[in-house]
Amino acid sequence: MYLETAFSLYSPGHILMMALTAVLLGGSVPVFLLMRKKDRTTLVLSLAAAATIGLTGAALIYSVATGLYNLEWYLPFHICNAFMLVYPLALIFKKRLRALLSDYIVFAGIGGCLLEIVFPINTLVYLSAANPVTILVYAYHLVIGLVAFCFIFSGQYKQFRCYSLVGILSALIIGATVMNQLCDTNFLFLNPGYRIFPLTAIYDLLGFYAVYLIAAALLATAVGLHIFIDKTLTRSIKR
């Protein structure tokens, strides 16, 4: 299934990827701050939709040509993969739906980008840092991180709504569970048949129930963010 032997996480290639991500995300902040005077959301979403679909398509073409194939890299049932649908929907429906999707664009974008860079278990576990698929997947996650930063620092994102993030995550959990049963995949890392770092200890301790713990943790994180941000904003208003 895979063309190369995996190498360890936090190797020189992996550390270079993390450093490059930090530089690019940090360097984007001044640029996005300069965008605060004008609404560039439609342009950003257009570029993001083209980039995510294009990068995924390029990885798929390379996979077909080389025999390297993994459904989890191409179908929208991972938190990050879902952006292939989220960006086009937010681009087409500019009012209420875009507002609902903005919470996912920001929090799933930053969370997905950082988690994939720190624990790139979909690529570096199987492939080298120089493999085209690794580079394309890295670029994909960099895009979703940059779009999230753009929404925050350009002032387009102003309010966090827990229910929208919980709703999308719930739909993803249901879809991922069905796909895992039908195709023996590990979308959202909810397949108890897989033991993948850093979730290995959870599965070893709880077995099948680890699936419920991971799903509950995703939803609890969304609720926790809502409570924390709401309290923080309330305190700042009182001051």
Side-chain angles (χ1 to χ4, degrees), residues 1-4 6 9 11 13-28 31-32 41 43-66 68-91 101-152 165 168-169 172 175-176 179 185-189 196 218:
M1 183 177 181
Y2 304 106
L3 298 178
E4 304 169 28
L9 299 176
S11 61
H14 184 194
I15 292 173
L16 177 62
M17 290 172 67
M18 290 193 291
L20 182 61
T21 302
V23 170
L24 292 174
L25 288 178
S28 72
V31 176
F32 295 142
T41 307
L43 175 61
V44 169
L45 288 173
S46 299
L47 295 173
T52 49
I53 294 173
L55 289 167
T56 303
L60 180 58
I61 292 171
Y62 179 84
S63 298
V64 172
T66 60
L68 177 72
Y69 191 78
N70 187 336
L71 281 175
E72 293 176 33
W73 297 341
Y74 313 114
L75 297 182
F77 295 99
H78 272 307
I79 287 176
C80 299
N81 296 23
F83 281 101
M84 288 185 288
L85 296 178
V86 169
Y87 289 146
L89 287 173
L91 176 63
L101 293 174
S102 63
D103 301 292
Y104 190 86
I105 289 172
V106 170
F107 287 95
I110 293 176
C113 174
L114 296 182
L115 285 174
E116 173 64 20
I117 299 305
V118 176
F119 302 112
I121 55 182
N122 277 337
T123 49
L124 290 187
V125 169
Y126 310 110
L127 306 170
S128 72
N131 186 281
V133 172
T134 301
I135 295 171
L136 290 167
V137 171
Y138 166 77
Y140 181 104
H141 286 85
L142 180 60
V143 167
I144 67 175
L146 286 171
V147 173
F149 268 43
C150 179
F151 266 57
I152 293 172
L165 187 56
I168 297 173
L169 288 175
L172 275 176
M179 285 298 298
T185 50
N186 193 25
F187 286 110
L188 286 187
F189 313 110
I196 295 181
L218 288 172

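Note that the structure is a prediction, hence the values are computed from the model and not measured. Side chains included, hydrogens not; waters and symmetry mates left out as well; all remaining heavy atoms used.
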**Message:** For a 4.5 angstrom cut-off between non-hydrogen side-chain atoms, does T66 reach V133?
**Reply:** no
**Asked** Roughly how far, to the nearest 0.5 Å, is the NE2 atom of H14 from the OG1 atom of T134?
**Response** 11.0 Å
**Fill in**
Sorted by chain and number, sequence neighbours left out, side chain to side chain contact (heavy atoms under 4.5 Å, CB included) with I15 holds for M18
**Request:** Begin with the C-alpha distance, continue with both residues' side-chain angles, and end with the deciding distance and a verdict on side chain to side chain contact (heavy atoms under 4.5 Å, CB included) for C113 and L25.
**Result:** CA-CA 10 Å; C113 174; L25 288 178; 4.2 Å; yes
**Item:** Interatomic spacing from CG in L60 to CG in L55 - rounded to 0.5 Å
**Value:** 12.5 Å
**Asked** Are D103 and F151 close enough, and set up right, to give a side chain to side chain contact (heavy atoms under 4.5 Å, CB included), and what steps lead you there?
**Response** CA-CA 10 Å; D103 301 292; F151 266 57; over 6 Å; no
**Item:** Donor-acceptor pair, side chain of E72 and main chain of T185, under 3.5 angstrom
**Value:** no
**Request:** Identify the two heavy atoms, one from A58 and one from L136, that lie closest to each other, and give their separation to 0.1 Å.
**Result:** C-CD1, 3.8 Å
**Item:** Least distance between heavy atoms, F107 atom then L165 atom
**Value:** CB-CD2, 4.2 Å
**Item:** Heavy-atom closest pair, residues C80 and Y140
**Value:** O-OH, 2.7 Å
**Request:** List the atom of I144, the atom of A108, and the distance in Å for their closest heavy-atom pair.
**Result:** CD1-O, 4.5 Å
**Request:** Measure across P76 and N81 and return the closest heavy-atom pair with its distance rounded to 0.1 Å.
**Result:** CA-CB, 3.6 Å
**Item:** For L20, side chain to side chain contact (heavy atoms under 4.5 Å, CB included) partners two or more places apart
**Value:** L24, Y138
**Request:** First locate atom CD of E116, then atom CD1 of I79, and finally report the distance between them rounded to the nearest 0.5 Å.
**Result:** 11.5 Å
**Item:** Closest contact, heavy atoms only, F77 versus A176
**Value:** O-CB, 3.8 Å
**Asked** Atom CZ in F83, atom NE2 in H78: separation rounded to 0.5 Å?
**Response** 13.5 Å
**Message:** Using a 3.5 Å distance criterion without hydrogens, assess whether the side chain of T56 forms a donor-acceptor pair with backbone atoms of I53.
**Reply:** no
**Item:** Separation between CG of N186 and CG of L71, rounded to the nearest 0.5 Å
**Value:** 12.0 Å
**Asked** Would you call I105 and Y87 a side-chain contact if the rule is heavy atoms closer than 4.5 Å?
**Response** yes
**Side chain proximity check, I110 to I152, heavy atoms < 4.5 angstrom** = yes
**Message:** Assess the residue pair L101 and I168 against the criterion (side chain to side chain contact (heavy atoms under 4.5 Å, CB included)); give the C-alpha distance rounded to whole Å, side-chain angles, the decisive distance to 0.1 Å, and a yes or no.
**Reply:** CA-CA 8 Å; L101 293 174; I168 297 173; 3.6 Å; yes
**Complete:** So CZ of F119 and CZ of F189: to nearest 0.5 Å the spacing works out to 11.0 Å
**Asked** Side chain of H141, backbone of G109: donor and acceptor closer than 3.5 Å?
**Response** no
**Message:** Quick one, L169 with Y104, criterion side chain to side chain contact (heavy atoms under 4.5 Å, CB included). Give me CA distance, side-chain angles, the key distance, then yes/no.
**Reply:** CA-CA 9 Å; L169 288 175; Y104 190 86; 4.3 Å; yes
